Number of protein chains: 2
Amino acid sequence: MIRDFLDIATALSDMNRTRVLLALRHGELCVCQIVELLCLAPSTTSKHLSILKRAELVDARKQARWMYYALPANPTPIVQQAIAWTFNALEQSSQTKDDDKLLADILKQNPADLCRRQSGKVNCYSPVPENATKQKEMP
Amino acid sequence: MIRDFLDIATALSDMNRTRVLLALRHGELCVCQIVELLCLAPSTTSKHLSILKRAELVDARKQARWMYYALPANPTPIVQQAIAWTFNALEQSSQTKDDDKLLADILKQNPADLCRRQSGKVNCYSPVPENATKQKEMP
DNA sequence: CCTATATTTCGTTATGTGGCGAATTGAGAA
DNA sequence: TTCTCAATTCGCCACATAACGAAATATAGG
């Protein structure tokens, strides 16, 4: 019970994970699309998704070689409330607006193309959102 | 905006901090009472309180030598929603029930006595709640 | 079966966080 | 002013976590 709540709060305490949740408002996404959105390595993205899944903030389904993530179809009241709170807090943020634009572009592309580019090390075709706080370290 | 949200989610992702929030349902508490409840060092407790304060999940007021913490009198809608979610999720938990009992005992005592005992290294007069997950490390 | 590929898991590294005790601060009390 | 003491800040340690690339794990297609 407490563990469930803390899992959710922990999952929501990272901006990349809240970005995924907000993106899923528009429907389910496959991992390569989320990789493209976050502009992170696939392994890192996968870790974030597993944390969201553990908190039951997303559903996951496998179809062929692709994993699709979506908002939970039957959330518990606590999860439902957490998602409502998150959307309420972040839906108007400039980060979300930027992501919505970027996502529209991503959805126009063939997911297979995205994956190909990602394995070719060109992780990030889009500029880092301007208000992203320390999105990526430059060593 | 996002920063505010992440501050709140981070503040809520630690059990000791949620315990403080739940305890404050019963009214404001001074630091020594919270130290007694959590059974942590005053410095650690103070850090937790500063994180709650930064997230605007608590108000702080100083009276004479004591600091009193309370639920926010005028929370923003997002903070209000976060607190409602937290109470909804945790109010029925056994941890909260245990803390409510313990708090009733603490409130019967003179806060000055609590502070005296705390400076005398006898931090914890009460047993650690039985379902506390890894409340304290033993080296 | 073998190959290609989408995703996850593993190992590593840098940074963040919770915990404590010691030192510091600040507001009565002597 | 000086002393006391509640609370905070500081310095340190152990452990958690976000990031990456490499290796492992499926699964579709040849």
Side-chain angles (χ1 to χ4, degrees), chain A residues 6-7 9-11 13-17 19-20 29-36 38-54 60-69 110-121 123-124 132-139, chain B residues 6-7 9-11 13-20 29-36 38-54 60-69 110-121 123-124 128 132-139:
Chain A
L6 295 177
D7 281 348
T10 302
S13 66
D14 179 278
M15 187 177 66
N16 286 322
R17 290 192 289 263
R19 290 175 69 199
V20 171
L29 295 170
C30 81
V31 175
C32 65
Q33 292 170 318
I34 299 170
V35 166
E36 197 67 22
L38 298 184
C39 197
L40 292 174
S43 61
T44 306
T45 304
S46 181
K47 188 78 196 308
H48 282 308
L49 291 170
S50 77
I51 290 167
L52 287 169
K53 181 142 173 36
R54 180 154 143 59
R61 115 189 135 82
K62 186 160 199 166
Q63 176 161 352
R65 267 176 294 186
W66 283 267
M67 281 294 295
Y68 289 91
Y69 285 86
N110 184 344
D113 292 342
L114 292 176
C115 284
R116 251 189 297 285
R117 272 198 291 115
Q118 284 155 16
S119 51
K121 314 279 188 193
N123 262 355
C124 194
T133 327
K134 216 176 53 167
Q135 165 112 350
K136 201 171 184 179
E137 303 299 301
M138 291 297 161
Chain B
L6 294 177
D7 281 347
T10 301
S13 67
D14 179 277
M15 186 177 66
N16 286 321
R17 291 192 289 264
T18 61
R19 291 176 68 199
V20 171
L29 296 171
C30 82
V31 174
C32 65
Q33 292 170 318
I34 298 170
V35 166
E36 198 67 22
L38 298 184
C39 198
L40 292 174
S43 61
T44 305
T45 304
S46 183
K47 188 81 196 310
H48 283 308
L49 291 169
S50 77
I51 290 168
L52 287 168
K53 180 143 175 36
R54 180 157 141 62
R61 113 188 137 80
K62 186 160 199 167
Q63 175 161 352
R65 268 175 294 186
W66 284 268
M67 282 294 295
Y68 289 91
Y69 285 86
N110 184 344
D113 291 342
L114 291 177
C115 285
R116 251 189 298 284
R117 272 199 289 117
Q118 284 156 16
S119 51
K121 314 279 187 194
N123 263 354
C124 194
V128 174
T133 328
K134 213 177 54 167
Q135 165 112 351
K136 203 171 183 179
E137 304 298 300
M138 291 299 158

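Per chain, numbering begins at 1; letters A, B, ... match sequence-line order. Since the structure is predicted, the reported quantities are computational estimates derived from the model, not experimental observations.
- When the side-chain nitrogen and oxygen atoms of B:H48 are compared with OP1 and OP2 of C:dT17, none of them lie within a distance under 4.0 Å.
- When distances are taken from the side chain of B:R17 to each of D:dA18, C:dG19, C:dG18, the shortest belongs to C:dG18.
- The OH atom of B:Y69 lies 13.5 Å from the CD atom of B:Q33; values are rounded to the nearest 0.5 Å.
- For A:R19 and D:dA18, the CZ to P distance is 15 Å, given to the nearest whole Å.
- B:L40 has its CG atom 11 Å from the P atom of C:dG21, to the nearest Å.
- When each of B:I34, B:V35, B:N16 is tested with B:L40 by the rule side chain to side chain contact (heavy atoms under 4.5 Å, CB included), just one qualifies, namely B:N16.
- A donor-acceptor pair under 3.5 Å is formed between the side chain of A:S13 and the backbone N or O of A:T10.
- Using a 4.0 Å heavy-atom distance criterion, A:I51 is classed as a sugar-phosphate-only contact.
- Residue B:C30 holds its SG atom at 10.5 Å from CD of B:E36, rounded to the nearest 0.5 Å.
- In this structure, the CG atom of A:L6 is 14 Å from the C1' atom of C:dG18, given to the nearest Å.
- Per the geometry, CG belonging to A:D14 stands 13 Å off P belonging to C:dG16, to the nearest Å.
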Original post:
What string of B, S and - do you get for nucleotides 8-14 of chain C 5' to 3' if you count protein non-hydrogen atoms under 4.0 Å?
Top reply: BB-----
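- The CG atom of A:D14 lies 7.5 Å from the CG atom of B:L6; values are rounded to the nearest 0.5 Å.
- For the pair A:E36 CD and C:dT7 P, the interatomic distance rounds to 12 Å; values are reported in whole Å.
- A:H48 pairs with exactly one of A:K53, A:R17, A:R19 by the side chain to side chain contact (heavy atoms under 4.5 Å, CB included) rule, that one being A:R17.
- Separating the CD atom of B:Q33 from the P atom of D:dA6 is a distance of 13 Å, rounded to the nearest angstrom.
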**OP:** Quick one, give me the B/S/- string for nucleotides 24-30 of chain C, reading 5' to 3', where B means a protein heavy atom under 4.0 Å from the base and S means that only happens at the primed atoms, P, OP1 or OP2.
**Re:** ---SSS-
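- Between atom CE of residue A:M67 and atom SG of residue A:C32 there is a gap of 12.5 Å, rounded to the nearest 0.5 Å.
- Note that CG of B:L49 and CG of B:L29 are 9.5 Å apart. Values are rounded to the nearest 0.5 Å.
- Atom CZ in B:R54 sits about 13 Å away from atom C1' in C:dT17, given to the nearest Å.
- Here the C1' atom of nucleotide D:dT8 and the CH2 atom of B:W66 are 16 Å apart, to the nearest Å.
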